[in-house]
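For reference, the structure is listed below as structure tokens.
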Amino acid sequence: PITLLSGASIWTLTLAEGKAGDVSVRSSAVTLDGKDIVTGVKSDSSPISSGASGNVEVVADGAITLLNGGAISANTSSSAIGGNVNVRAAQLTVDDRGSSVFTGITAHSGFGGGPAGSIDVAVAGAINLLGGGVISSDTYSSGNAGNVAVRAGSLTIDGQADYQFTGITSQSLWGSGHAGRVDVTISGQLDILNSGAISTTTSTQGSAGAISIRARDMLIDGRGGDFVTGVSSDSMGVLGDGRAGDLSVLVSGNLAVLAGGSITSNTFSKGPAGNVDVKAGSVLVDGFGSMVAAIAAPSSAGQTGNVTV
């Protein structure tokens, strides 16, 4: 097994014109425990560089565990493209444990304008994203965020009432780049609990990405959470009026949305909300605030998309 602790890293970095090299880690098991310090497997291009960051691959025959600041990442802060991130394991756990630094898997576009790379996570068994654990691709530039694809036997996203975001996301937060698409395919049970989320967001003129979810059975339960629990795409209207993304949820068995859980596309801007398409063997929506919806907020000038169940 490979274990990195307390600020240790396996890393490529370019501070020059040349590209950072690729990073490949293969082991029976991988544990990254930052103990509240950034720790991980990563490739970066710096703001003073014009080179691209490298691709990052982490493959484990058994479990990959990211804790308390542990991360797998490929980030660009230059004008060049960011690397792709590929993760393969029998099981994946991402648990922030109250850390003050990022814990998870990310491909990030900084202020240099280079587009972020894509993220592809494939796990034979269970993925558990807990208490601030994240899989994300974000942009703060004119470059687009990357697409995020997650495949697993089961997926649990449990925010554990943490104040930090817990889940899977792509976001356009600054600049004009678009957020990426999020695709989640789960052969078994998918649970989103207690402020957990699968989301895309734009705060800029770039659009939020579409979300596609496929699962055998799916539970969204907002009980105990102080924030939105569920699936959402949002146009926030802070720095621009990009459109929210379309949502597609296909569940072959039972879909339950409980206790304030939601599946929504929302606009708070001049941009439109997306369409919401839900198909399931059975659908239960129960509890105050529980909903499948497309919403244009009072502060917006955008129109809602269509909702089909």
Side-chain angles (χ1 to χ4, degrees), residues 1-5 8-12 20-34 38-44 53-76 81-96 99 101-109 116-138 145-157 165-170 180-188 190 196 198 212-215:
I2 294 174
T3 301
L4 302 182
L5 303 174
S9 61
I10 299 172
W11 189 21
T12 62
D22 296 337
V23 178
S24 180
V25 172
R26 292 174 176 264
S27 181
S28 58
V30 176
T31 299
L32 310 178
D33 186 349
V38 177
T39 300
V41 180
K42 56 187 179 176
S43 181
D44 294 302
S53 62
N55 298 319
V56 175
E57 174 190 64
V58 179
V59 178
D61 297 329
I64 294 176
T65 306
L66 310 180
L67 305 172
N68 203 7
I72 300 169
S73 65
N75 300 320
T76 178
I81 191 169
N84 298 320
V85 178
N86 291 286
V87 175
R88 301 289 184 269
Q91 181 175 331
L92 172 66
T93 298
V94 184
D95 189 347
D96 185 73
S99 173
V101 296
F102 176 87
T103 303
I105 300 168
T106 187
H108 173 87
S109 171
S118 63
I119 296 175
D120 190 277
V121 177
V123 173
I127 296 178
N128 296 295
L129 305 179
L130 308 173
V134 177
I135 299 173
S136 71
S137 182
D138 304 326
N147 295 326
V148 179
V150 175
R151 301 180 300 282
S154 65
L155 171 62
T156 298
I157 302 173
F165 177 88
T166 303
I168 302 168
T169 188
S170 183
R181 178 182 177 90
V182 172
D183 291 287
V184 177
T185 304
I186 307 301
S187 60
L190 195 169
I198 298 173
S212 173
I213 296 173
R214 304 289 182 268

Assess the residue pair Thr103 and Asp95 against the criterion (side-chain contact (heavy atoms from CB on, under 4.5 Å)); give the C-alpha distance rounded to whole Å, side-chain angles, the decisive distance to 0.1 Å, and a yes or no. CA-CA 7 Å; Thr103 303; Asp95 189 347; over 6 Å; no
With side chain to side chain donor-acceptor pair (under 3.5 Å) as the test, would you mind laying out the steps for Thr76 and Ser53 before giving the verdict? CA-CA 6 Å; Thr76 178; Ser53 62; 5.3 Å; no
Output the distance between atom CD1 (Ile198) and atom CD1 (Ile213), rounded to the nearest 0.5 Å. 4.0 Å
Testing the basics here: between Gln91 and Ala126, what is the closest heavy-atom pair and its distance to 0.1 Å? CG-O, 3.3 Å
Quick one about Asn84 and Ser118 (side-chain donor to acceptor, distance below 3.5 Å, no hydrogens or angles considered), yes or no? yes
Restricting to side chain to side chain donor-acceptor pair (under 3.5 Å), what partner residues turn up for Ser24, sequence neighbours left out? Glu57
Which heavy atom in Ser170 sits nearest to a heavy atom in Gly146, and how many Å separate them? OG-O, 3.5 Å
What distance separates Ser27 OG from Asp61 CG, expressed to the nearest 0.5 Å? 7.5 Å
Value for OG (Ser154) from CD1 (Ile127), rounded to nearest 0.5 Å, stands at 8.0 Å
Check: Phe102 and Val38 side chains under 4.5 Å, non-hydrogen atoms: no
Here the gap from Ile10 atom CD1 to Leu4 atom CG, rounded to the nearest 0.5 Å, amounts to 4.5 Å
Can you give me the closest heavy-atom contact between Leu32 and Ala71, atom names plus distance? CD1-O, 3.4 Å
Tell me, with the steps shown, if Thr39 and Asp33 meet side-chain contact (heavy atoms from CB on, under 4.5 Å). CA-CA 7 Å; Thr39 300; Asp33 186 349; over 6 Å; no
Is there a side-chain contact between Asn147 and Asp183 (heavy atoms, below 4.5 Å)? no
Nearest heavy-atom contact between Leu92 and Val121 is CD2-CG1, 3.9 Å
Within the 4.5 Å heavy-atom criterion, are Asn86 and Asn55 side-chain neighbours or not? no
If you define the side chain from C-beta out and look only at heavy atoms, does anything of Val94 sit under 4.5 Å from Val134? no
Ala74 and Gly54 have their tightest heavy-atom pair at CB-O, 3.7 Å
Show your working on side-chain contact (heavy atoms from CB on, under 4.5 Å) between Ile105 and Val58 and close with a plain yes or no. CA-CA 11 Å; Ile105 300 168; Val58 179; over 6 Å; no
Ser73 and Thr106: side-chain donor and acceptor closer than 3.5 Å? no
Heavy-atom nearest pair, Val56 first then Lys42, reads CG2-C, 4.0 Å
Applying salt bridge (charged side-chain N to carboxylate O under 4.0 Å, His left out), which residue pairs with at least one partner in residues 146-155 are found, sequence neighbours left out? Asp120-Arg151
CD1 of Ile135 to CD1 of Ile157, rounded to nearest 0.5 Å, is 8.0 Å
Backbone N/O of Ala107 and side chain of Ser137: donor-acceptor pair under 3.5 Å: yes
Which value, rounded to the nearest 0.5 Å, describes the distance between Leu67 atom CG and Ser99 atom OG? 10.0 Å
